[in-house]
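The next block holds one structure in the form of structure tokens; read it before the comments.
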Amino acid sequence: MPHPRRKLLGNPREAAYALLAPLPGIVCGFALLALLAVSLVASVTQVGLVLLVGVLAVARATGALHRGMLRALLGEDIPAPPGRGGARGLVAALRAALTDSDGWRAAAFAVAYAPLGVVLFVVSVGVRLYGLAGLTYPLWWWAVEEEDGARGIGIAGDVRMDSWPTALLTAVVGLGVLAFSAWSTRGLLTQVVRPMARALLGRGRLDERVHVLEETRALAVQDSAATLRRIERDLHDGAQSRLLAVAMALAGAKDQLARAPGDTPELARGRDLVDSALDNSRTAMAELRDLVRGIHPPALNDGLDVALETLAARAGLPVTTRIDLSSRPPESIESIAYFCAAELLANAARHAGASRAEVEAYEEDGVLHLVVRDDGRGGARPLAGNGSGGTGLTGLAERVSTVDGRLLIDSPHGGPTTVTARLPLG
């Protein structure tokens, strides 16, 4: 239940917004409307198109100004739409700027807000001042003196508010005007300004859907990484330990059978079965160990930098490492980076005929860059639609793409080869 004082005077933050926001909103809105009109008329020329692009950029800046005021004064946090960039070439950049839906929506808000700002200012400030004057009328009516010596203010003809009863009645009316002003201000902000800002200044439906899908995918990647990590621990601590116990028991049984007297066919058959079971258990342990390493390499327990150095030491060719990471990446990013480095070093040693390689990992602008270079014969290509190329690189590209990363391959025939994996950290 709102406090009675707020019913009369309104929320201080709403009052501050209605006082401070309309003026810049009105100026920006009408200025933007004039610029839009001029640029649309001149859009048949190149100058008009360039001016229209500038107007849309100004509209985006105006939208940012409105979002800032809404956030600071009303607590309305509207996520900014994504920036538009990446278009190559003048024509492509011009087309992207002119079809910027976020810029057009921001322009629509600025133009629509101009008259709305006038109404908001009048209702919140003008009407409220009128109500305050009426509420305080008993304090100053006697100080108003007309030329004929009469006191008080005349409202119509000979009707004057020149007595204490009329002054008190005026105060009651002023109280009602204040309540009306606060109610109207809240209604305008709640029913018009806030919904219009959310619809026109935030992300569009497509951008919002993409944002939700990105968050959902990030959660799925993190969940799958945690699940694989849990499976790795269960296999390492459970199944692998039990297989080890079975192998030790079979080894003991083999020793007991070897010392057993006699050489009957049944005893020989039993020894063969135990030998076969022991060999199978050792094979299963080796396969399980490889499976566990494929899920989560133990070297990653100490961080990506230690894991890459360990990987370089076991690569089968001289490998130089340069690692510059200010903080530890997320577990899913670490795993992808490690497997990329492992696959690329294996390719360099087995297929490229390289005599040396280099692994570099560094963080720049929220992106982990993993670079693997070798002096091999080159010609590395991901799997193409006609079946040519290497399936290993295709698998790496798919793994990197699960976190919005990119795999860049520079491998001319004759070498050298440089493969860069760019993995967003955020």
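Because the structure is predicted, anything quoted here is derived from the model rather than measured. Only this structure's heavy atoms are used, side chains among them; waters, hydrogens and symmetry mates stay out.
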Test side chain to side chain contact (heavy atoms under 4.5 Å, CB included) applied to R71 - qualifying residues, sequence neighbours left out:
R67, D77
My understanding is that only residues two or more places apart in sequence, or in another chain, count here; which of them pass side chain to side chain contact (heavy atoms under 4.5 Å, CB included) with L169?
none
Check R356 with D374, please: is the shortest side-chain N to carboxylate O separation under 4.0 Å?
no
Value for CZ (R399) from OG1 (T394), rounded to nearest 0.5 Å, stands at 13.5 Å
Backbone of A72 reached by a side-chain donor or acceptor of R13 within 3.5 Å
yes
In short, A197 meets L70 closest at the heavy-atom pair CB-CD1, 3.5 Å
Distance-minimising heavy-atom pair for A110 and T62
CB-CG2, 4.0 Å
Apply side-chain contact (heavy atoms from CB on, under 4.5 Å) to L408 and V419, showing your working.
CA-CA 6 Å; L408 307 178; V419 180; over 6 Å; no
Using a cut-off of 6.0 Å, state whether more than 12 heavy atoms not belonging to R328 lie near its atom CZ.
yes
Less than 4.5 Å apart, side chain to side chain, heavy atoms only: is that true for E309 and L311?
no
Minimal non-hydrogen separation, G405 against P424, with atom names
CA-CD, 3.7 Å
With the side chain counted from C-beta on, respond yes when M69 and L74 share a heavy-atom pair under 4.5 Å apart, and no when they do not.
no
Whether the D410 and T418 side chains hold a donor-acceptor pair (N or O, under 3.5 Å, no angle test) is what I'd like checked.
no
Any donor-acceptor N/O pair, T310 side chain to V306 backbone, under 3.5 Å:
yes
Please report the shortest heavy-atom distance between V193 and F109, naming the atom on each side.
O-CE1, 4.4 Å
Separation between OG1 of T417 and CD1 of I409, rounded to the nearest 0.5 Å:
9.0 Å
Counting only N and O atoms by type, is there a donor-acceptor contact under 3.5 Å from the side chain of S401 to the main-chain atoms of E398?
yes
So how far is it from L423 CG to E334 CD, rounded to the nearest 0.5 Å?
11.0 Å
Are the side chain of T190 and the backbone of G187 linked by a donor-acceptor contact shorter than 3.5 Å?
no
Drop me the distance from L116's CG to F121's CZ, to the nearest 0.5 angstrom.
14.0 Å
Would you give the length of the straight line joining atom CD1 of I333 to atom CD of E331, rounded to the nearest 0.5 angstrom?
11.0 Å
Considering non-hydrogen atoms only, spot the tightest contact between P329 and L304 and give its length.
CG-CD2, 4.3 Å
Tell me the closest heavy-atom pair linking L52 and W104, and the distance in Å.
CD1-CH2, 4.0 Å
Can you list, pair by pair, the side-chain donor-acceptor contacts under 3.5 Å of residues 315-322, counting residues two or more places apart and other chains?
| residue | atom | partner | partner atom | Å |
| --- | --- | --- | --- | --- |
| R322 | NH1 | E358 | OE2 | 2.9 |
| R322 | NH2 | E358 | OE2 | 2.8 |

The criterion is side chain to side chain contact (heavy atoms under 4.5 Å, CB included); which residues satisfy it with Q191, sequence neighbours excluded?
none
Yes or no on side-chain contact (heavy atoms from CB on, under 4.5 Å) for L56 and D102, after CA distance, side-chain angles and deciding distance?
CA-CA 9 Å; L56 293 178; D102 297 323; over 6 Å; no
Would you check if V372 and T420 make a side-chain contact, meaning some heavy-atom pair closer than 4.5 Å?
no
N/O donor-acceptor pairs under 3.5 Å from side chains in residues 360-371, not counting sequence neighbours:
| residue | atom | partner | partner atom | Å |
| --- | --- | --- | --- | --- |
| E360 | OE1 | R373 | NH1 | 3.2 |
| E360 | OE1 | R373 | NH2 | 3.4 |
| E363 | OE1 | S326 | OG | 3.1 |

Could you check E343 against L393 for side-chain contact (heavy atoms from CB on, under 4.5 Å), going step by step and ending with a plain yes or no?
CA-CA 8 Å; E343 178 71 21; L393 291 177; 5.8 Å; no
Has the side chain of S411 got a donor or acceptor atom that lies under 3.5 Å from a matching backbone atom of A380?
yes
Taking the side chain as C-beta and beyond, is there a heavy-atom pair between R198 and E76 under 4.5 Å?
yes
Can you name the residues that form a side chain to side chain contact (heavy atoms under 4.5 Å, CB included) with L120, not counting sequence neighbours?
Y17, A18, P22, Y113, T185, L188, L189
Interatomic distance, CZ@R194 vs CD1@I78, rounded to 0.5 Å, equals 9.0 Å
Apply the test side-chain contact (heavy atoms from CB on, under 4.5 Å) to residues R128 and L178: give CA-CA distance (whole Å), side-chain angles for both, the deciding distance (0.1 Å), then the verdict.
CA-CA 5 Å; R128 187 164 295 175; L178 282 177; 3.6 Å; yes
